Peer 1: 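One structure coming up, written as structure tokens, with questions to follow.
Order of the sequence lines sets the chain letters (A, B, ...), proteins ahead of strands, with each chain counted from 1. Note that the coordinates shown come from a computational prediction; the quantities given were computed from them, not determined experimentally.
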Protein chains: 2
Amino acid sequence: MMHTEPGVFGAISHPARRRMLDLLVDGDRPVNEIAENFEMSRPAVSQHLRVLLGAGLVTEQRHGRERRYRLVPEQLEPVRDWLAHYERFWDDNFTRLRRHLEKGEER
Amino acid sequence: MMHTEPGVFGAISHPARRRMLDLLVDGDRPVNEIAENFEMSRPAVSQHLRVLLGAGLVTEQRHGRERRYRLVPEQLEPVRDWLAHYERFWDDNFTRLRRHLEKGEER
DNA sequence: TTGACAGGTAAGCATCTCCTTACGCATTAT
DNA sequence: ATAATGCGTAAGGAGATGCTTACCTGTCAA
């Protein structure tokens with residue numbers, strides 16, 4: 001009877017759901033277009049989308065008989081915040097930035 | 001029979017496991033010291049630690065009859081890399097700076 | 001109106017997850 | 001040697017997950 005909202009970490013724990021979010025980075029998409037990218041049945045895709053909806057990671061807009069799903073990237077912030085706790089183990093952002101830009105200049 | 005390696009995303013999907021990693025940020029710890037911080041039984045803690053081990057997020061060192069667990073923060077990189085995909089949506093200072101500098105480089 | 005299309009919901013199932021208690025095996029202390 | 005400590009493994013159960021097929025509703029097209 002836990003009925004706990006799985007939350008963002010649970011939502012992104014499934015590779016299919018991460019790929020769905022990745023697809024939506026490039027723009028809103030109707031379910032069928034999302035489903036084309038997966039082997040599983042369309043209802044299974046719908047169910048994954050419901051999990052993403054529940055975590056607030058996507059919203060849906062109805063357009064006629066389509067439902068377009070839209071990414072809500074701000075909802076990934078808990079992940080980002082948690083990860084930030086570990087950033088000091090990498091190098092910090094500005095070190096990475098400098099390296100990135102230097103690599104760019106080498107070309 | 002799937003026996004699929006759950007991977008890092010699965011490992012961090014449980015709040016208790018995230019808290020265990022958080023504890024290990026401050027240094028290696030034996031199991032009992034970790035377990036003090038949780039309501040669940042010690043075997044349950046052991047099982048969570050095994051998941052973290054399986055994901056490569058911790059290692060264990062035997063010291064006498066203790067086993068100290070050590071964080072392996074580099075293993076969080078898949079999460080970081082995946083998240084980086086979404087960085088352009090946050091538009092914090094760092095992102096704006098990077099974009100500014102990259103634009104400057106185009107010349 | 002009839003049908004095709006988009007897509008959600010229901011039910012059922014196999015499997016995984018997470019917890020518990022019971023127990024085993026080293027290692028250290030007495 | 002015996003007991004206590006540290007911690008893992010085994011077994012089992014409740015519930016969650018992830019999939020499937022079957023079905024339903026709402027919209028557009030002929």
Peer 1: Without decimals, in angstroms, what is the distance between A:L53 CG and C:dG8 P?
Peer 2: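 Atom CG in A:L53 sits about 9 Å away from atom P in C:dG8.
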Peer 1: Hey, does the side chain of A:Y69 come within less than 4.0 Å of C:dA6's phosphate (OP1/OP2), counting only N and O?
Peer 2: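 Indeed not, no polar side-chain atom of A:Y69 lies that close.
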Peer 1: Among C:dT20, D:dG18, D:dG26, which is the nearest nucleotide to the side chain of A:H48?
Peer 2: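 Nearest to the side-chain atoms of A:H48, counting from C-beta on, is D:dG18.
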Peer 1: Starting at CZ of B:R62 and ending at P of C:dT28, how long is that distance when rounded to a whole Å?
Peer 2: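 Rounded to the whole Å, the gap is 13 Å.
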Peer 1: Between C:dA4, C:dT21, C:dC19, which one does the side chain of A:R65 approach most closely?
Peer 2: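 Nearest to the side chain of A:R65 among the choices is C:dA4.
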Peer 1: Below 4.5 Å, heavy atoms only, C-beta onward: do A:V31 and A:R68 meet side chain to side chain?
Peer 2: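 A side-chain contact is absent here, since even the closest heavy-atom pair is not under 4.5 Å.
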Peer 1: In sequence, state the C-alpha distance, the side-chain angles, and the governing distance for B:R70 and B:V58, and then conclude on side-chain contact (heavy atoms from CB on, under 4.5 Å).
Peer 2: CA-CA 5 Å; B:R70 171 169 301 169; B:V58 300; over 6 Å; no
Peer 1: Can the positive tip of A:R29 be found less than 6.0 Å from the middle of the six-membered ring of A:Y69, inside 45° of the ring normal?
Peer 2: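 The answer is no; the distance or angle limit is not met.
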Peer 1: Mind calculating the distance between CD (B:E60) and P (D:dC7) to the nearest angstrom?
Peer 2: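 Checked: the CD to P distance equals 10 Å.
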Peer 1: Please tell me if B:S41 has a side-chain N or O lying less than 4.0 Å from either OP1 or OP2 of C:dC19.
Peer 2: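 Answer is no, no contact under 4.0 Å.
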Peer 1: Please tell me if A:N32 has a side-chain N or O lying less than 4.0 Å from either OP1 or OP2 of C:dG7.
Peer 2: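 For C:dG7, OP1 or OP2 has a side-chain N or O of A:N32 closer than 4.0 Å.
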Peer 1: Could you state the atom-to-atom distance from CZ of B:R50 to C1' of C:dC18 in whole Å?
Peer 2: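 Whole-Å distance recorded here is 14 Å.
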Peer 1: Does B:Q47 or A:Q47 map to a spot on DNA chain D nearer the 5' end, using the closest nucleotide for each?
Peer 2: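 Here B:Q47 is the residue nearer the 5' end.
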Peer 1: Counting any heavy atom closer than 4.0 Å, what does B:P43 reach on the DNA or RNA strands: base, sugar-phosphate only, or nothing?
Peer 2: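 B:P43: base contact, heavy atoms under 4.0 Å.
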Peer 1: Would the base of D:dG6 count as contacting B:R42 through its side chain, where contact means a donor and an acceptor less than 3.5 Å apart?
Peer 2: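 Not at all, since no donor on one side and acceptor on the other fall under 3.5 Å apart.
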Peer 1: How many whole angstroms separate atom CZ of B:R68 from atom C1' of D:dG8?
Peer 2: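 After rounding, the gap between these two atoms is 17 Å.
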Peer 1: Run the numbers on A:F38 and A:M20 for side-chain contact (heavy atoms from CB on, under 4.5 Å), then give the verdict.
Peer 2: CA-CA 9 Å; A:F38 296 88; A:M20 286 176 193; 3.5 Å; yes
Peer 1: Can you tell me the distance, in whole Å, between the CZ atom of B:R67 and the C1' atom of D:dT9?
Peer 2: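 Between C1' of D:dT9 and CZ of B:R67: 10 Å.
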Peer 1: Quick one: A:L52 CG to D:dT17 C1', roughly how many Å, whole number?
Peer 2: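 One finds 14 Å between C1' of D:dT17 and CG of A:L52, rounded.
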Peer 1: Check the distance between C:dT20's C1' and B:F38's CZ and give it to me in whole angstrom.
Peer 2: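 Rounded to the whole Å, the gap is 17 Å.
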Peer 1: Apply side-chain contact (heavy atoms from CB on, under 4.5 Å) to the pair B:L21 and A:W82, showing each step before the final yes or no.
Peer 2: CA-CA 11 Å; B:L21 295 177; A:W82 179 74; 3.9 Å; yes
Peer 1: By nearest atom, which of the nucleotides C:dC18, C:dT21, D:dC7 is closest to the B:H14 side chain?
Peer 2: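 Nearest to the side-chain atoms of B:H14, counting from C-beta on, is C:dC18.
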